[in-house]
Amino acid sequence: MKLEPAFYHRNNVVTIARSLLGKLLVTHKNHDKTSGIIVETEAYSWKERGCHAYGGKCTARNEVMFEPGGKAYVYLCYGMHNLFNVVTNREGIADAVLVRAVEPLEGEEVMINRRGDVGRYQLTSGPGKLTRALGIDRTFNGKTLWTNEVWIEDIGMKFNSKHIETGKRIGIDYAGADANLPWRFMVKGNRWVSRI
DNA sequence: TACGTGATCACG
DNA sequence: GTGATCACGTAA
């Protein structure tokens, strides 16, 4: 069943990033349904330098982060890759969770068509790869996550801290000391987790 | 390890 | 208007 708005409106983005592991990210476009189990996330908070909305800075790109939790924040990275985030917290408090990897569940053929035949474990094992595989582009920016086009679902998969690996977030060296925050979460041993 | 790639943002 | 920058992926 789809996650309710209240799931996203909570104020602890780290807690939400952890609890998104094992949830199912689903897209449905042009009669193609694709889905994957979330196996890697990163938390971002307006209070730290890694975040696009650091210090409450609102721009044309990140304004959806300031809306109530439960929307998609999708932006273009390095001129090529669409990255998918889940906006959290209440209106005006800009927190978000980056989804970095999923394990394919439904529509693997469609994903291969979109990504090319790159091999089973390369299909969705990174933040740019999974958006391509699931057909997520910037037109998804601002969509609520309980529409019929994109949503996140609870499939009863639960992980305790024994099954979750924690680490520093990837690719944010510009964040200074905040780059060391242990806000990256991975399902231990899962084959689709992005880079080591 | 190196670079493609183009939107974005802080300048003025 | 302009230029530096960038929450990545790929080949090598």
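Keep in mind it's a predicted model, so treat the numbers as computed, not measured.
Here B/dA7 is the nucleotide among B/dA7, B/dC9, C/dA7 with the atom lying nearest to any side-chain atom of A/Arg138. Closest to the A/Met80 side chain, of the nucleotides B/dT5, C/dG9, B/dT8, is B/dT5.
Checked for salt-bridge contact, A/Lys2 and A/Glu153 miss the test: no charged N lies under 4.0 Å from a carboxylate O. For the pair A/Lys143 and A/Glu149, the salt-bridge criterion is met [side-chain N within less than 4.0 Å of a carboxylate O].
A/Tyr75 places its OH atom 18 Å from the P atom of B/dG6, with the value rounded to the nearest Å.
Aromatic stacking is not marked for A/Tyr78 over C/dG9, as the cut-offs of 5.5 Å for the centres and 30° for the planes do not both hold.
Phosphate contact (OP1/OP2 of B/dA10, side-chain N/O of A/Lys57, threshold under 4.0 Å): present. Applying the 4.0 Å criterion to OP1 and OP2 of C/dA7, one finds that A/His52 has a side-chain N or O inside that range. Residue A/Arg49 has no polar side-chain atom (N or O) positioned under 4.0 Å from OP1 or OP2 of C/dA7.
Both tests pass for A/Arg10 against the ring of A/Phe7: distance under 6.0 Å to the centre and angle within 45° of the axis.
Centroid-to-centroid, the aromatic rings of A/Trp192 and A/Tyr121 come within less than 6.0 Å.
A/Arg132 comes within 4.0 angstrom of no nucleic acid atom, judged by non-hydrogen atoms across all strands.
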